[in-house]
Amino acid sequence: MAVAAAQKSREMFAIKKSYSIENGYPARRRSLVDDARFESIVVKQTKQSKLEEARQRANVKVVEAEKSPELKIFNLTSTNAIQVQNEINKAKQHLQENVESVTDTKITKEPEITTKKNAGLTEEEVLIENATTPETVENVQRTTLLLRMKEGITSLANVLKIIENGKGVVAHLESRPSRLTGIQFDVLAKVDISQRNLLILIRSLRQSSILGEVTILTENSINVKDPWFPRHAKDLDNCNHLMTKYEPELDMNHPGFSDKVYRARRKDIANIAFNYKYGEPIPRIQYTKEEQETWTAVFKTVLDLMPKHFCAEYQRVFALLQKEGIFRPDKIPQLEEMSEFLRRNTGFTLRPAAGLLTARDFLASLAFRVFQSTQYVRHQTTPFHTPEPDCIHELLGHMPLLADPGFAQFSQEIGLASLGASDAEIEKLSTVYWFTVEFGLCKENGEIKAYGAGLLSAYGELLHAISEKPEHRPFDPNVTAVQPYQDQEYQPIYYVAESFEDAKDKFRRWVSKMSRPFEVRYNPHTQRVEVLDSVEKLDNLMNQLNLEMLHLNTAFNKLKSQSS
């Protein structure tokens, strides 16, 4: 029971990072490869503007001690336990009536709390306290807290214990490195707690020496008309944040959970990815003997299964990689040499990733023909299975097809469609990616072949997929995009495309119906994504296309004259 409880706690407290925090893009929770549908909806807004409005309407003179022009908070569009927006007028009235005695009232009637009501509280918390009524004081609702941690992430356990002792239940947790001096991490915690216990919990958290600041985040529905998304390949430096459900530090089911050496190795390789910047050469990894042996075992299995079960495009590029000496059974390829190979064939490049990325981050990189690849190797005790992407999955599963022009184009189109897409559309795009690029099947000369990377690099799932056990359905993006999936076991359903071209054609028609109010294109010369939102941009594009058509027509006429 203790083990089960610890496992549940680790799943509950799984930490992630999301570039929505940095860049103000609303994005609901969603993992690219499993059912962890959480990508926080976080938008920055200054606290000062909200409070200034309340002061003006209430005609209240602001106490000098409360002046904090630099203080900012996040605002969440998800349901918040504190209904500040619904009770704001009542709170303003209380502020006006009690502004002279705001520090003379007790925070609670419980005997162990003897401090004054508003001592150490921010103005948001004063509003919250005044908005609480006898009818709602015991209601358990969801509250979002911003916790600024002075120490490393290992001290998070102490923070969670304080929340537990304060009768709060953590529903979601995420972190990011802090930009403030003296603060290691900013932690965003969604806590289910009663209004009676909320401010008591705030006081307890503020008394902790490991926290530099505690802020309650208020609710505000934000309509982002001009969402942030990467416009240049260098912006992908902001798109390397992780879903960490399967991290060996957090998941007791991970084969490396109890292996301290493996966890330390993973951490070192992850730091390489986090420190990587656009334009730099990809650092080399000196793989160990055990890691090489794991690669060799999987590589030989792929060689055995490939002739019968892998699509022709994969086999063609695999042979080319062998010819150039990049694919060898005794040597794990370095990302830099693989990136150069892809660049020569399709213009795709690689950049290191620390682990399982958020859907928006990963899909956004594909728009620039950039594939974010891990560099660590799965645990040696499970050479033929990994609960997360590792470099064997990336190299043997994804890389050969990224060197195929048709498949590379399809991958980039998925990425371009994700830029500025709505939350619901991101979920659908992620699901289409799952059932195609990760676990796709296609017909070839009347036989079913694998082209999904999850099948190409995992022989157990491959043999299951081509057997009679799962259900095979024709690929239709409208249906595929809303099909639930999981990655704990083999898939019960696979989608089979008539051909690559058929899949691309159906996908393009489906994407054209998305609700995004603008269209984008990738300019390979500048490595920029351009939003086609003006007549001038459309005119320039049409001129380029007309020139390309002229070259094609000239080439066609020359070939025609030579054959006649």
Side-chain angles (χ1 to χ4, degrees), residues 33 255 291-333 338 341-342 371 373-374 377-404 406-407 410-411 433-472 475 485 487-500 503:
V33 301
E291 290 168 340
Q292 294 283 359
E293 290 174 349
T294 301
W295 162 268
T296 300
V298 180
F299 187 89
K300 290 181 177 179
T301 302
V302 168
L303 286 179
D304 292 339
L305 295 173
M306 182 169 52
K308 184 176 180 181
H309 301 299
F310 292 10
C311 65
E313 290 84 353
Y314 181 95
Q315 296 190 49
R316 178 187 66 81
V317 178
F318 193 98
L320 185 58
L321 284 163
Q322 286 181 300
K323 182 179 180 181
E324 296 198 13
I326 298 176
F327 270 3
R328 292 165 40 187
D330 61 339
K331 173 178 170 291
I332 302 176
M338 181 62 76
F341 174 83
L342 294 176
F371 187 91
S373 173
T374 55
V377 177
R378 63 193 63 175
H379 197 265
Q380 61 184 7
T381 59
T382 57
F384 299 108
H385 172 73
T386 175
E388 58 186 334
D390 74 327
C391 72
I392 294 179
H393 167 78
E394 319 278 34
L395 291 166
L396 291 177
H398 286 286
M399 304 307 169
L401 283 175
L402 286 176
D404 176 77
F407 191 85
F410 177 70
S411 299
Y433 186 93
W434 174 265
F435 282 112
T436 55
V437 180
E438 289 291 350
F439 289 96
L441 297 169
C442 65
K443 292 181 180 179
E444 190 176 286
N445 298 323
E447 297 182 346
I448 294 180
K449 303 287 185 176
Y451 72 89
L455 301 176
L456 300 170
S457 61
Y459 80 96
E461 177 109 6
L462 171 64
L463 297 179
H464 167 78
I466 61 177
S467 71
E468 297 180 355
K469 295 180 181 179
E471 180 182 354
H472 290 165
F475 174 67
Y485 68 88
D487 63 356
Q488 299 295 322
E489 299 176 354
Y490 295 156
Q491 301 301 308
I493 299 172
Y494 296 90
Y495 287 90
V496 183
E498 293 297 321
S499 65
F500 268 148

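Because the structure is predicted, anything quoted here is derived from the model rather than measured.
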*Asks:* Out of Phe439, Phe435, Phe475, which one pairs with Tyr495 under the ring-ring contact (aromatic ring centres under 6.0 Å, His included) rule?
*Replies:*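 Only one of Phe439, Phe435, Phe475 forms a ring-ring contact (aromatic ring centres under 6.0 Å, His included) with Tyr495, namely Phe435.
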*Asks:* May I ask you to test the Gln292-Asp330 pair for a side-chain heavy-atom distance under 4.5 Å?
*Replies:*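 Side chain of Gln292 against side chain of Asp330, heavy atoms only: no contact under 4.5 Å found.
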*Asks:* Please enumerate all residues that pass side chain to side chain contact (heavy atoms under 4.5 Å, CB included) together with Lys469, with sequence neighbours excluded.
*Replies:*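 Lys469: side chain to side chain contact (heavy atoms under 4.5 Å, CB included) contacts with His464, Ser467.
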*Asks:* Could you tell me whether the side chain of Gln315 and the main chain of Met306 form a donor-acceptor pair under 3.5 Å?
*Replies:*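 Yes, the answer is positive, given that a donor and an acceptor are paired below the 3.5 Å cut-off.
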*Asks:* Do the side chains of Pro389 and His398 get nearer than 4.5 Å, heavy atoms only?
*Replies:*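 No; the side chains remain at least 4.5 Å from each other.
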*Asks:* Residues in salt bridge (charged side-chain N to carboxylate O under 4.0 Å, His left out) with Glu447, at least two apart?
*Replies:*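 Lys449.
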*Asks:* For Leu305, check side chain to side chain contact (heavy atoms under 4.5 Å, CB included) against everything at least two apart and list the hits.
*Replies:*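 Result, side chain to side chain contact (heavy atoms under 4.5 Å, CB included) vs Leu305: Thr301, His309, Phe310, Tyr459, Leu462, Leu463.
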*Asks:* Rounded to the nearest 0.5 Å, what separation is found between the SG atom of Cys311 and the CG atom of Asp404?
*Replies:*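 Going from the SG atom of Cys311 to the CG atom of Asp404 covers 8.0 Å.
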*Asks:* Heavy-atom distance under 4.5 Å between the side chains of Tyr485 and Ile493, does that happen here?
*Replies:*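 A side-chain contact under 4.5 Å is absent here.
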*Asks:* Which distance, rounded to the nearest 0.5 Å, do you find between the CH2 of Trp295 and the CG of Leu395?
*Replies:*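 These two atoms lie 5.0 Å from each other.
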*Asks:* Which pairs, with at least one residue in residues 490-500 and sequence neighbours excluded, count as a salt bridge (Lys or Arg N to Asp or Glu O under 4.0 Å)?
*Replies:*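 Checked against salt bridge (Lys or Arg N to Asp or Glu O under 4.0 Å) - neighbours excluded - the pairs reaching residues 490-500 are Lys443-Glu498.
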*Asks:* Just to verify, what does Glu293 make a salt bridge (charged side-chain N to carboxylate O under 4.0 Å, His left out) with, not counting sequence neighbours?
*Replies:*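 Glu293 satisfies salt bridge (charged side-chain N to carboxylate O under 4.0 Å, His left out) with no other residue.
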*Asks:* State, yes or no, whether a side-chain contact exists between Glu388 and Thr374 at a heavy-atom distance under 4.5 Å.
*Replies:*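 No; the side chains remain at least 4.5 Å from each other.
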*Asks:* Check for me whether the distance between the ring centres of Phe318 and Phe299 falls short of 6.0 Å.
*Replies:*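 Close enough - the centres of the two rings lie under 6.0 Å apart.
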*Asks:* Please evaluate residues Cys391 and Glu291 with respect to the criterion side-chain contact (heavy atoms from CB on, under 4.5 Å), reporting the C-alpha separation (whole Å), side-chain torsions for both, the decisive distance (0.1 Å), and the verdict.
*Replies:* CA-CA 11 Å; Cys391 72; Glu291 290 168 340; over 6 Å; no
*Asks:* Among all residues two or more places apart in sequence or in another chain, which pass the side chain to side chain contact (heavy atoms under 4.5 Å, CB included) test with Lys331?
*Replies:*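 Checked Lys331 against side chain to side chain contact (heavy atoms under 4.5 Å, CB included); matches are Arg328, Glu337.
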*Asks:* Do Phe407 and Tyr451 have side chains that approach each other closer than 4.5 Å (heavy atoms only, starting at C-beta)?
*Replies:*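 With C-beta onward as the side chain, the pair touches.
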*Asks:* How many angstroms lie between OH in Tyr494 and CD1 in Ile448, if you round to the nearest 0.5 Å?
*Replies:*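 It comes to 11.5 Å.
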*Asks:* Hey, could you give me the CZ/CG distance between Arg316 and Leu401, rounded to the nearest 0.5 Å?
*Replies:*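 If I round to the nearest 0.5 Å, the distance is 9.5 Å.
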*Asks:* Does the side chain of Lys308 come within less than 4.5 Å of Ile466's, by heavy atoms?
*Replies:*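 No. Closest side-chain heavy atoms not under 4.5 Å.
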*Asks:* Does a side-chain heavy-atom distance below 4.5 Å link Phe341 with Leu321?
*Replies:*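 Touching, per the 4.5 Å side-chain cut-off.
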*Asks:* Do Leu441 and Leu455 have side chains that get closer than 4.5 Å, going by heavy atoms?
*Replies:*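 Side chain of Leu441 against side chain of Leu455, heavy atoms only: contact under 4.5 Å found.
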